[in-house]
Every structure is written in C-alpha cells, then in structure tokens.
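Okay, structure first, notes after.
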Amino acid sequence: DTQKTKFDYQSDVTRLRKIVINSLYSHRDVWLRELISNSNDALEKFRLTSLTKKGFGNDDPLNITVKAIRDEDEKGGKIIITDTGIGMSKDELAANLGTLAKSGTTEFLNRAENADTTTGTGNLIGAFGVGFYSSFLVADRVYVASRPPRSKEIPEPEQWVFSSSSDESSFEIYPDPRGATLGQGTEITLIMKPDAVKYLSTNVLTELIDKHSAFSSTFPIYLFTQKTEEVPVEEDEPTKEPETVSEPEKENIIDLDDDEALIEDVPTEEEEKPEELVVPKTKTITVDEWVHANSHPPIWTRDPKDVTEVEYLDFYRSTFKDYRKPIGWHHFSGDAAGTSFKGIIFLPEKIEDAHWQQTGPLEQKDIRLMVKHVFITSEFGSDRLPKWASWVRVIIDADDLPLNVSRETLQSSKFIKQMKGIILRHLLILFNRLATDDLEKWALVTKHYGMIFKFGAVEDTKNRDRLINLVRFETTQRQNITLDQYVENKRKGQSQIFYMADSGKTTEQIKRSVFVEKLEARGYEVLLFTEPLDEVLVNTLRKHKKLPFQDVAKAGLKFGDEDGEEEDSKEAQKKLEEKFKPLIEWLKEETKDVVRDVVISNRLVTSACAVVAEALGYTANVERLMNA
Ligand code: ADP
Ligand code: MG
C-alpha cells in the first residue's frame, strides 16, 4: 500500500463518468465493444511499431481474451479482458485513463448535461462513443494491469495497476503486487455491479461479441467457456464427482466455423475398446475451452450478396469509429499491379467541418490499406487522394503484398500508385449508383456533397468530366439538372449557357431578378447560382459542350432569336431615347454619386429599372467573394 499513489481525475473525466454512470443505463451493452476496440487499437499499435523496431516485444500471439468468473456465492463476479498489445507504462496509465484527450468530448459533455431525458443522452452516446469509462456502466470497480512490450531500452518493463471505483473522483496507480504476470499488454478486470451479473453468462457474452463487436477487432477474440460433458469412465477408475479442469492452455481453441478444429481440453488417452459388449459407464466433467468468438471471415472478403445491411453498418461504426449511419457504400474487388484486392467504400453521413479547417496536405486517416486482413497503412505518400476525396472512408485488402514491407517501400510501390485512381473510380461509381437508383439517398448526397463535386471539378482536371456530371443545378425552369441536360434543352440558335449568380440569396429571389426576366419571357432557361463556388466553377470550365457560360447580369448577352429584330430595335431604341431624354438627364443628375450611367434598356420586361455591373467589372457576387 505504501507504493500506491492517488490521483484526482481531470475535471472533464469526472463529468463524463457521471454522465456515463447515471444516464447511459439503457445503452450499457456498449462497454464490451468499447473495451474490445481499445484492445484492438493496442494490438494494432504494437504490430505496426514492431514492424520497424527491432527487439520490440515478445513473440506471444496477438489476441484478446475474455473470461467471466462467478463468485462462489453466485451473486456477483468479475470479467477479465486481456490483450497482448502495446500496453501502458505507469505514466501512460495515468495520462490515458485519467484525462480526456479526445476532440469533441467537451461538446459531448455540454450536450449530454443539457439533455433532459436518458433517451436524449442515449442518442448522444451513439454519436460519440465514451470509450474506457463505459466500463463503469457495469462495474463497481475496475483494475487495469498493464505492461509495455520489452524493448532494447527497457528489457524488463514493470507491470502497473490503475484502479478506480465508480463512485470516486480519484484513481490509484501502483506496481502490480502479483509481479509481471503479463508478457505484454493489458488486463482489465471488472468487478461487476450486482445488477450487471447477466454479463457473467457465456451466452450473453457470445451474443454481445457477435452483435456488437464482431468487427471491433481484426485480431482473434477468445471467449472462455465451460461445458459439462459426459465422458466414458475407465474400467479401473473410480467414478468421480464432476471436476473442473484447471486453467486451460490457449492452444485449446475451438474455431466455431470449423468442426474439425475441435480440440478439447479433455483427457486424450487412447480409449481401449472393451472386448465384450458392456454398457460403458460415464461421468460428467466440466470442460474448459477458449472459443474463437469472432471467427467469421471479414465482411469485405465475403460475397456482397451475403452481407446484411446491419453487418455493413456495424463494420463501419467499429472500423471508422463513426457512430452515424453512412449514406451509402460500395463493395468491390479488382486487381492492381498484379495483386488482387477487395474493398469497401463508405460515404459518411457528412464531411466534418474540421476536415476543411486543416491546412497543408490533408490527413487521409480513414483509408485503411490492409494486406491479408492486417492493417498496414493509411498513408499513400505522394499518391494521396486529392482534397475533394480525402475524407472518404475505405478499406482495401490486398491478397499478396509482402506483409513486412516497410511503409516507405509500400508508398512507392506500383500497387499504391494505382490505388488512388481505383479508389476514386469506385467512389464515382458509388455516387452515380446513388444518383440513378436511390432518389432519397441522392437528395442527401446533393445536400452534403454537392459542394464536393464542384470543388473536385475545379481541382481535379483528370476526373473533371465525371465530377461535372454529378453537379446538379436549379434553373428558372427545373430543379436538379446537369449541365448536359441544360444543353439538351437549349433553344434554337442559343449559343450561350445563361446563369445568374447571387450568393446568399435563395433561388426564388434570384428568379425574381430583373436580369432573368427578359430571358424567361423569351423562354430561355437560366442557371441560378447561390454559392460563390458556382461562379468559380464556371470560370474554370468556361464552356460546356462548346457553349460558353454567360452571366446574364453582365454585358455580352446574346439571344439566339434576335435576327432581323436588330434594325427595328435600333430604330425603336433611338425613339425611346428621344422621348425619355428629360427623365434620363434628371436621373443622371440625381444619382451621379452612386451610378456611372443611366441608359434606356431593352433587358427589362416588367421591372421599371435595374442596377447592373459594368461589362468588364465584377458582378456584385464576385465582389463579395473577393472580399471573403
Ligand atoms: P479512445 O479509444 O477513443 O482513445 P478510450 O477512452 O477508449 O478513448 O481510451 C483512452 C486511451 O487509453 C486510449 O487512447 C489508449 O491510449 C488507452 N488505452 C485504453 N485501453 C487500452 C489497452 N487495452 N491497451 C493500451 N492502451 C489502452
Ligand atoms: Mg476507445
């Protein structure tokens, strides 16, 4: 006890733990998936570090074990979750489990504390995930014993314990009194709350892993189970009471998918067949097994026809730690540089604002490149995705790249070089599929990704044409049309694509603009731009299907149907100018400080007057954009 150090939780942790303990009761199942996902992260960190760091760690198999132990009085019990991952030093235990480093946590806390009902908070947990502290949903006390892998610098790492109870605002850290029982990794012992004893049942745990954690780990999860079995009694062996076999070896593993892999922890002496036919005596014994609980093949390796929507959603949530439903996904396979691969692309509900706030090369942390089911890297070096697509969530699993290939070699490999183009192509396939097959989802795509298509068409010359096809515009006559559709609808003789841009206004307001009136009256369709990006886009494209874009608020406007009208109108114009000379002179004088000129116009149909930009000047809209 003298070695125990007591620490106070950081204040946010205290707040979070309170919320977790008090109001997430109806979502308490999440504790297991959170702990398993932490173990998986720790195993992944270890494996990646060991690829480049010589003499790091031992050769223990990388896995997660879950074991429930009931108290003798059957009233309570504990659950022990162990992994052979990166582990935590004394300082890391305090830092990682005693403070909150997660971005968005403060937002979660504010919203959760203001939510008045438990269901309100329940939805929030779906959106954020609460990590390690979810253990206090089911445990009165939690012990975390941890030991980092051995390294050149520290050949014999110490094993320390973090301990905390659900009703204290402090935790303790001390050297494990048992010594270094772990080769490497972390062992979490939950002393279950009296009302959470149902989790001590193997069936409940199996179901939970199956339902919520099947995809939380790419490393094997072994669940400790005990079964009673009838086995024959040897002739000269005295019949015994049921017995419990002591701590099983980890090799005694049953693969649920493969009956032949059944190796049980039963005595394996050759059974001697009695000569005469006698009814064999049997006895009941308890058999301990470690059952491989997540032995299903990864979903991306399966036939898309056999994967259910729930499986895709679970997989998405646990892989990308995004608790919101993706809009859609696309499951594909192919070949790159002679290596076959399988992959799934997910379209997140929306792109985080934070994504756009990054400066410099964007992080593409959600592109997970695996080799034979093992995560290798998210970084493609110079072959990273363009900005417009770098938010995409995708998993690619290659069949036969060398597993120990260094990141540097991989980044310059032909496989990676081709991967960028392949991912973009499949992303565009997904968008096009949603555009044609699923109007409801396509509406969401337009809402949350409309800007991406425009941005991409400006940025990515290689995919420009395909991206342009995804951009939808509203016009004076129609909604959700492509530029192709605009051009198909052009009037005889029309030689320009007309648009009116006024960002910050609604399309309804733009439609009422005097500049649009005359074109409407003559039956021309006008694109209505409400975002500054629209104008940037047409300035980049300049033309579509050979027709130049024309801002209807600027000079240069040509109608296709004015042949023959010209002479007449020149005459008429002259007459009008004569007639209204006094008015024009007066207006010029009155407005000389604010406008450059006052002229008789033939642009207007029902409006009395309009203020227009100079032919070579900026439109009001671009002026606003420049200011921004
Ligand atoms: P998150 O996983 O989102 O970072 P958690 O609350 O789940 O948040 O975990 C907090 C931190 O504690 C992790 O980031 C990790 O550093 C550490 N941690 C938790 N569980 C383990 C584990 N089994 N092995 C090693 N480190 C762990
Ligand atoms: Mg976590």
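As the structure lists them, so they are numbered: ligands from 1, and atoms in each ligand from 1.
In this structure, a donor-acceptor pair under 3.5 Å is present between the side chains of S164 and Y9.
Contact annotation: for T186 versus ligand 1, heavy atoms closer than 4.0 Å belong to the side chain alone. At a 4.0 Å heavy-atom cut-off, ligand 1 does not touch L35 at all. At a 4.0 Å heavy-atom cut-off, ligand 1 touches M88 through the side chain alone.
The Mg ion (ligand 2) lies at 2.8 Å or more from every N, O or S atom belonging to S37.
Of all the atoms in ligand 1, the ones that sit under 4.0 Å from a non-hydrogen atom of L97 are 12 (O). Within ligand 1, counting atoms from 1 as listed, the ones closer than 4.0 Å to a heavy atom of F132 are 5 (P), 6 (O), 7 (O).
Taking the six-membered ring for Trp and thresholds of 30 and 60 degrees, F346 and F315 have ring planes inclined between 30 and 60 degrees apart.
Taking only nitrogen or oxygen atoms, main chain and side chain alike, Y133 does not reach within less than 3.5 Å of ligand 1. Taking any N or O of D83, backbone or side chain, at least one lies under 3.5 Å from an N or O belonging to ligand 1. In terms of polar-atom proximity, G131 is not counted as a contact of ligand 1, lacking any N or O under 3.5 Å from an N or O of the ligand.
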Donor-acceptor contacts, no H, no angles, side chain residues 79-86, under 3.5 Å, sequence neighbours left out:
from: D83; atom 1: OD1; to: G85; atom 2: N; distance (Å): 2.9
from: D83; atom 1: OD1; to: T186; atom 2: N; distance (Å): 3.4
from: D83; atom 1: OD2; to: S39; atom 2: OG; distance (Å): 2.8
from: T84; atom 1: OG1; to: P61; atom 2: O; distance (Å): 2.9
from: T84; atom 1: OG1; to: N63; atom 2: N; distance (Å): 3.1

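Listed by chain and residue number, S165 satisfy the side-chain hydrogen bond (donor to acceptor under 3.5 Å, both in side chains) test with D167 (two or more places apart in sequence, or in another chain).
Checking N96, T84, N38 against atom 10 (C) of ligand 1, the nearest heavy atom belongs to N96.
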